[in-house]
Undergrad: 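Structure in structure tokens, see below.
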Number of protein chains: 2
Amino acid sequence: MEKNDPITITLTDRLFDTIQRAIVEGEIPSGSKISEPELARQHGVSRGSLREAIGRLEARKLVERKPNLGARVVTLSYEQLIEIYQVREALEGMAARLAAQNMSDKEIEELQLLLDQHGRQIEEQHGEAYFQKQGDLDFHYRIVQGSKNHHLIGLLCNDLYHLLRMYRYQFGMRSKRSSQAYDEHHYLLNAISSRDPEMAELLMRQHIRSSRRNVERMLLEN
Amino acid sequence: MEKNDPITITLTDRLFDTIQRAIVEGEIPSGSKISEPELARQHGVSRGSLREAIGRLEARKLVERKPNLGARVVTLSYEQLIEIYQVREALEGMAARLAAQNMSDKEIEELQLLLDQHGRQIEEQHGEAYFQKQGDLDFHYRIVQGSKNHHLIGLLCNDLYHLLRMYRYQFGMRSKRSSQAYDEHHYLLNAISSRDPEMAELLMRQHIRSSRRNVERMLLEN
DNA sequence: GCGATGAATATTGTCGACAATATGAGATAT
DNA sequence: ATATCTCATATTGTCGACAATATTCATCGC
């Protein structure tokens, strides 16, 4: 008998998702104060539930809270973005290493198909960066999953991912290097399917460093 | 005038600290269910505040919560411990790299003093592992701080640290390799004071891998 | 005796109200 | 006019109660 735990969605869960999206997309401006009574009224919900949702957002570093002063949406900064890239480099590098050891042949095959599809998209729509951006996320996401390390997966896909998404939205970070990224993905996948952990980690770290340098250049133009 | 924000400790903060300590030290057994009414009564506090504290513990992966079923203290496992060591290797490796770039000369000097002190302690009390265990934490802690990357510092010193402490308590992990660890710390500090990021990261990762292998051996004995 | 069914009980999710603290406006003194 | 103090207002922290969901346990049918 399948013990299929019926997934119940609690009110706090929905609030958390909704507010997180609003913050990531800048609907609630970065740096602004969050008024509990007002937000609770807007969502037609009690303050208690709202506070729990805010607590989770705080754990994900999307809001900062000071006792008796309330919560503010985190303030984006160039320095913090660099910090995030450094953490990503470390964690995703390790993820790639583990993926080279732990991904199943089937998963690798599917990843190959995904990458082929990206290649065709790049040829067809010259520089339409949006799909490639989504594709970049998909690709990284699968490798992280392939590490089979649940801690790593949680840190990258739950914590860091949304913060990064917030920067992408609000700093208008569209990559002008989709074809280069595609090549780098290609080399990386080769390392993984050759089951070469050392090389996989090295290539992933280089890939993320390139990405960081690209962002740095972009932000210097202001 | 110094705008010294008066640090007020909220009730939830105290609860969080207290319960976290109880969980880490095994006072509340790993895997056991947490009854909100009972815990609230024990601490003489309302369920609302308690729930917020539990939420924070969940964010730190010390408890797991399922909707309408309640919270359980996380179940320790060999596999999870290995996962944690892998994450640590990635993050602390990056921390060492950054520390080699960002620590001040003064901080490096103080770290040297700390290490000298550890060396004397090892000579005096042959294998009294407790102090060395604390010393090991101090040493790593300072390097993480030296990275000057606040995200990294938060992940390691807030999230991972307590989980690791929980394993040390409950698996009775006392290291029998304090003098080897001392040597490794020594080489690592050399790399940092030579401002060699690459070498610092390499040595830190080897150090943590050794530590992991030591744990693996220890657990195989059961 | 064993498993299914349903009522009684307990636990979690959500809410509104009160207490403690911070914020802002207005009055007073320099 | 500026700065300080005081009081009124608003916001956060904490609490107890109700609603929704899970668990327990006795009963029933086989």
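Lettering of chains follows the sequences in order, A, B, ..., and the numbering in each one begins at 1. Only this structure's heavy atoms are used, side chains among them; waters, hydrogens and symmetry mates stay out.
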Undergrad: Test of understanding: with ring-ring contact (aromatic ring centres under 6.0 Å, His included), list the residues that count as partners of Tyr141(A), not counting sequence neighbours.
TA: none

Undergrad: Can you list everything that forms a ring-ring contact (aromatic ring centres under 6.0 Å, His included) with Phe171(B)? Sequence neighbours excluded, please.
TA: Tyr167(B)

Undergrad: Going by atom type alone, with no hydrogens or angles, which donor-acceptor pairs under 3.5 Å involve a side-chain atom of residues 15-23 of chain B and a protein atom two or more places apart or on another chain?
TA:
residue  : atom : partner  : partner atom : Å
Thr18(B) : OG1  : Arg14(B) : O            : 2.9
Gln20(B) : OE1  : Arg60(B) : NH1          : 3.0
Arg21(B) : NH1  : Glu25(B) : OE1          : 2.9

Undergrad: Produce a footprint string for nucleotides 10-15 of chain D: one letter per nucleotide, 5' end first; B if the base is under 4.0 Å from any protein heavy atom, S if only the sugar-phosphate is, - if neither.
TA: -SBBBB

Undergrad: Return the set of residues passing ring-ring contact (aromatic ring centres under 6.0 Å, His included) with Tyr85(B) (not counting sequence neighbours), or none when no residue passes.
TA: none

Undergrad: Applying ring-ring contact (aromatic ring centres under 6.0 Å, His included), name anything that partners His162(B), two or more places apart in sequence or on another chain.
TA: none

